[in-house]
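Right, one structure below, let's go through it.
Labels below follow one simple rule: chain letters A, B, ... track the order of the sequence lines, proteins then strands, and each chain is numbered from 1. Only heavy atoms go into these numbers, but all of them, side chains included; no hydrogens, no water, no symmetry mates. Every value quoted in this text rests on a predicted model; they were computed, and no experiment measured them.
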Amino acid sequence: MTSNEILDKLEEMFPNAECELIHENPFQLAVAVVLSAQATDVSVNKVTPELFKKYPTPQTMAKADIKDIEKYIKTIGLYHNKAKSILGLAQGLVGEFDGVMPQTMDELITLPGVGRKSANVILSVCFEVPAIAVDTHVERISKRLKFAYKNDTVLEVEKKLMRKIDKSRWNRAHHLFIFFGRYFCTARNPKCDECPFTEQCCDTKAKKMKGIV
DNA sequence: ATCCCGAGGG
DNA sequence: CCCTCTGGAT
């Protein structure tokens, strides 16, 4: 199967794959993305509505007490670092960017808690810039379906995906890989028995040889 | 390479 | 019980 054929099939399986983080503007998406590190979007969506209600703008959050922020986000884990990150994110936006979300990779990654992956999500979801954010799902799926090798770094995975996938499909591919990874080709118990990609999957073949599938 | 970390699933 | 979750900073 070609890259386009794989994406066509994924479109068929997940026609409404999209960003599931609750947000109403770029600031809120940036906060939600930072909070989503090593946490499920479900758990993030559980706390952000109340958080955004209390701190709707970078200006209001910039003046928040970090302890109060921690209280709101405690249930998602890693809450100490994340509270510091989103407080610094709000302060950085106000102090360096006049409260307006920047639209370049170089500027975005200067914000605390925002690395390459989060920046790519903000660029593609908020500003429709072609980008492929490589998170845990995208990395796993890319390696299982042989878009990349197992020991490739996330940056190498991103470069290979950009090379092998048409630029016009980058943003869709990101969400399709996420949905496929989240609901079908999961880390622990992937649904190999009903998977349309078993031919080009390294993991499934390994399992077949062992008689697992 | 290590740390951060609670919640949900199997 | 153990593993995983839209990672980033040190």
- [ ] Would you check if the distance from the ring center of A/F147 to the ring center of A/F177 is below 6.0 Å?
- [x] yes

Open item on the list: Assess whether a salt bridge exists between A/D166 and A/R172, defined as any Lys/Arg side-chain N lying under 4.0 Å from an Asp/Glu carboxylate O.
Closed with: no

Task: A/K54/A/E50 salt bridge by N-O under 4.0 Å criterion - done: no

- [ ] Output yes when a side-chain donor or acceptor of A/E5 lies under 3.5 Å from a complementary backbone atom of A/T2, and no otherwise.
- [x] yes

Open item on the list: Tell me whether the count of non-hydrogen atoms from other residues, nucleotides or ligands lying under 6.0 Å of CD in A/E96 goes above 12.
Closed with: no

Open item on the list: Any base atoms under 4.0 Å from A/S118, or only sugar-phosphate, or nothing? Heavy atoms, all strands.
Closed with: sugar-phosphate

Task: Heavy-atom pair with the smallest gap, counting every atom of A/A90 and A/M61 - done: CB-CB, 3.7 Å

- [ ] By nearest nucleotide on DNA chain C, pick out whichever of A/K117 and A/P112 is the more 5' one.
- [x] A/K117

Open item on the list: I'd like to know if the side chain of A/D152 and the backbone of A/Y149 have a donor-acceptor N/O pair within less than 3.5 Å.
Closed with: yes

TODO: Verify the neighbour count for atom NZ of A/K159: are there more than 12 heavy atoms of other residues, nucleotides or ligands below 6.0 Å?
DONE: no

TODO: Write down the distance separating the P atoms in C/dG8 and B/dA7, rounded off to the nearest Å.
DONE: 23 Å

Open item on the list: Between A/F180 and A/F197 (judged by ring centroids, cut-off 6.0 Å), do the two rings come close enough to count as a pair?
Closed with: yes

TODO: Provide the start and end nucleotides, 5' to 3', of the part of DNA chain C that has atoms under 4.0 Å from heavy atoms of chain A.
DONE: C/dC2 to C/dA9

Open item on the list: Let's see if you get this right: which residues in residues 9-19 of chain A place a heavy atom under 4.0 Å from DNA chain C?
Closed with: A/C19

- [ ] Mind running a 4.0 Å heavy-atom check of residues 124-137 of chain A against DNA chain C and sending the residues that fall below it, in number order?
- [x] A/D135, A/T136, A/H137

Task: Distance-only donor-acceptor check, side chains A/T104 and A/E107, under 3.5 Å - done: yes

Task: Between C/dT6 and B/dA1 - P atom distance, rounded Å - done: 24 Å

Open item on the list: Does this structure show an ion pair linking A/D203 with A/K146, if we count only N-O contacts that are shorter than 4.0 Å?
Closed with: no

Open item on the list: By the ring pair (Phe, Tyr, Trp, His ring centres under 6.0 Å) test, which pairs, at least two apart or in different chains, include something from residues 35-54 of chain A?
Closed with: none

If you restrict it to nitrogen or oxygen atoms, what contacts under 3.5 Å exist between nucleotides 6-10 of chain B and the protein, and what is each distance?
residue: B/dG6; atom: O4'; partner: A/G77; partner atom: N; Å: 3.4
residue: B/dG8; atom: OP1; partner: A/K46; partner atom: NZ; Å: 3.0
residue: B/dG9; atom: N2; partner: A/R188; partner atom: NH1; Å: 3.3
residue: B/dG9; atom: N2; partner: A/R188; partner atom: NH2; Å: 2.0
residue: B/dG9; atom: N3; partner: A/R188; partner atom: NH2; Å: 3.3

Using residues 17-24 of chain A as the side-chain source, report each donor-acceptor pair under 3.5 Å to any protein atom, sequence neighbours left out, with the distance given to one decimal.
residue: A/E20; atom: OE1; partner: A/R182; partner atom: NH1; Å: 2.6
residue: A/E20; atom: OE1; partner: A/Y183; partner atom: OH; Å: 2.8
residue: A/H23; atom: ND1; partner: A/L21; partner atom: O; Å: 2.7

